[in-house]
Amino acid sequence: MEVCPVTGRGLPPVRHWPALDLHGTDFDPVLAELMRQGPLTRIKLPNGDGWAWLVTRYDDVRAVTNDPRFSRKLVADHDVTRLAPHFIPVDGAVGFEDPPDHTRLRRSVAPAFTTRGVERLRAKARAMLDELVDGILADGPPADLTERLLAPFPLAVVCELMGVPASDRPKMHEWTNLILSSAQGVERSQRAKEDMCAYFADLLAQPRDDGGDADGVESVLGLLGGAIADGEITASEAVGLALLIQIGGEAVTNNAGNMLYILLTRPELLERLREDPAARPRAVDELLRYIPHRSAVGLSRIALEDVEVAGTVIAKGEAVYVSYLAANRDPEVFADPEDVVLDRSPNPHVSFGYGPHYCVGAMLARLESELLVDAFCDRFPGLRLAVPAAEVPFRRGALIRGPQALPVTW
Ligand code: HEM
């Protein structure tokens, strides 16, 4: 048995965690097994080197993600065991920075993500959503809601937030898909990343309009341009940040696709929300908690010194993953974690992460999800799947899980 070099205690075995193509919102059986094994286990993912620690309990996940003794910056220089075959971080990307640089980068775009910044988008987002729904209704059933609604809507909203012209939306969508999947080859992914970086570098180099919109709120690119001009961030940091926000923006497509899949396969939930609009915001949070948003785990952290977690020492230099999905099912925090309890309250889920890397777009994602749930409930009377649930195709080989298509009728 391997022993811990610090405590001399035995180490848990390393569990291989293969890439699984799961259907619907099925919870990953390997993660369930790891959760049963204990608070701290060791995993080996399909790519990268060696093994990493995995933390699954809610309190431990919050402790690790909020502890400056675990670094994200160091991850960029290590070939840590990981799910993604091709992940090559962009220089200065916010996901791979530690405070104080990380704080400085986040500060540069913060005004776009405050309540006021996000709320300024509400009316525009609703109008864009209405237009898409009008088109679907005009064409009549059946329709693939992934293609017609769940892909174009978050894309339109994030482009609006960024200040990307509507005519460039298809290009952004194509690059995002290529960057997030290596299905068309690692080189194609890398090229898409370079193309998107060049695109943002070009937009940021153009003279900017300082005024913002009618409320004086600037787009993300406007804010980044200002921060470069003020010497707060470098041009390459701005590009890295723009890229992550643009890509992150499309996360709602998959997440809301899972939401709709749950509502369509459990019609009693959809009925409840149709009848009770006031219940929808809380229901959105519960669905966010329940949805297994991603495959396996995301980005690791590396210990800057020996740190004790759940009674075991994570030694300096070792990599550690947290599972937000597992934390969201911790029975110590969530009663009946395997059930969707629409009016669960309080619901302190960690679907948007925790600590300094907490999702930049959380408020925007909530807003979009609420608007989409309103549309499902109010604009499509009799909405139902057009194929048996088992035949709804789910993405394969994907980092983020969700329906490839959602064929519906009404
Ligand atoms: C339902 C949809 C979404 C979910 C479930 C989600 C979830 C997450 C999670 C779990 C993290 C990582 C926390 C960590 O590294 O520990 C994250 C980070 C991030 N998300 Fe989201 N997200 C969503 C939507 C969005 C949207 C709409 C945007 C942009 C408009 C966005 C932009 C980002 C960025 C830039 C980061 C990196 C933050 C950092 O490292 O400081 N996300 N998100």
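Numbering of ligands and ligand atoms starts at 1, following listing order. When reading the values below, keep in mind they use all heavy atoms of this one structure, side chains included, and skip hydrogens, waters and symmetry mates.
- Considering backbone and side-chain atoms alike, Arg301 places an N or O below 3.5 Å from some N or O of ligand 1.
- Across Glu97, Glu232, Glu237, a single residue satisfies salt bridge (Lys or Arg N to Asp or Glu O under 4.0 Å) together with Arg104, and that is Glu237.
- For Asp98, the side-chain contact (heavy atoms from CB on, under 4.5 Å) criterion is met by Ser71, Arg72, Lys73, not counting sequence neighbours.
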**Q.** Trace of the side chain to side chain contact (heavy atoms under 4.5 Å, CB included) decision for Phe70 with Ile314
**A.** CA-CA 10 Å; Phe70 292 107; Ile314 295 182; 4.1 Å; yes
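- Atoms of ligand 1 lying under 4.0 Å from any heavy atom of Arg106, numbered from 1 in the order shown and given with element: 38 (C), 39 (C), 41 (O).
- Counting atoms of ligand 1 from 1 in the listed order, those under 4.0 Å from a heavy atom of Gly95 are 40 (O).
- Heavy atoms of Val360 approach ligand 1 to within less than 4.0 angstrom.
- At a heavy-atom cutoff of 4.0 Å, ligand 1 is contacted by the side chain of His102 but not by its backbone.
- The aromatic rings of Phe352 and His349 lie tilted to each other, with the angle between the two planes from 30° to 60°.
- Close approach to Ala365 involves these atoms of ligand 1, each under 4.0 Å from a residue heavy atom: 1 (C), 2 (C), 24 (C).
- Every N/O-N/O distance between His293 and ligand 1 stays at or above 3.5 Å.
- Under a 4.0 Å N-O distance rule, the pair Arg116/Glu119 does not qualify as a salt bridge.
- In terms of protein heavy-atom proximity, atom 40 (O) of ligand 1 is closest to His357 ND1, 2.7 Å.
- At a heavy-atom cutoff of 4.0 Å, ligand 1 is contacted by both the backbone and the side chain of Val94.
- Other residues, nucleotides and ligands contribute more than 12 heavy atoms inside 6.0 Å of the CD atom of Glu308.
- Proximity of a side-chain donor or acceptor of Asp339 to a complementary backbone N or O of Val341 within less than 3.5 Å is not detected.
- Of the options Ser369, Cys359, Ser351, Gly240, the smallest heavy-atom separation from atom 10 (C) of ligand 1 is shown by Ser351.
- Heavy-atom neighbours of Arg69 CZ from other residues, nucleotides or ligands within 6.0 Å: above the threshold of 12.
- By the criterion of a heavy-atom distance under 4.0 Å, neither the backbone nor the side chain of Met259 is placed next to ligand 1.
- In summary, the aromatic rings of Phe334 and Tyr58 are positioned with their centroids under 6.0 Å apart.
- Shortest contact from atom 25 (C) of ligand 1 to any protein heavy atom: Gly248 O, 3.4 Å.
- Evaluated by nearest non-hydrogen atom to atom 16 (O) of ligand 1, the leading choice among Tyr321, Tyr354, Phe352, Tyr324 is Tyr324.
- At under 3.5 Å, a nitrogen or oxygen of Arg72, whether backbone or side chain, sits near a nitrogen or oxygen of ligand 1.
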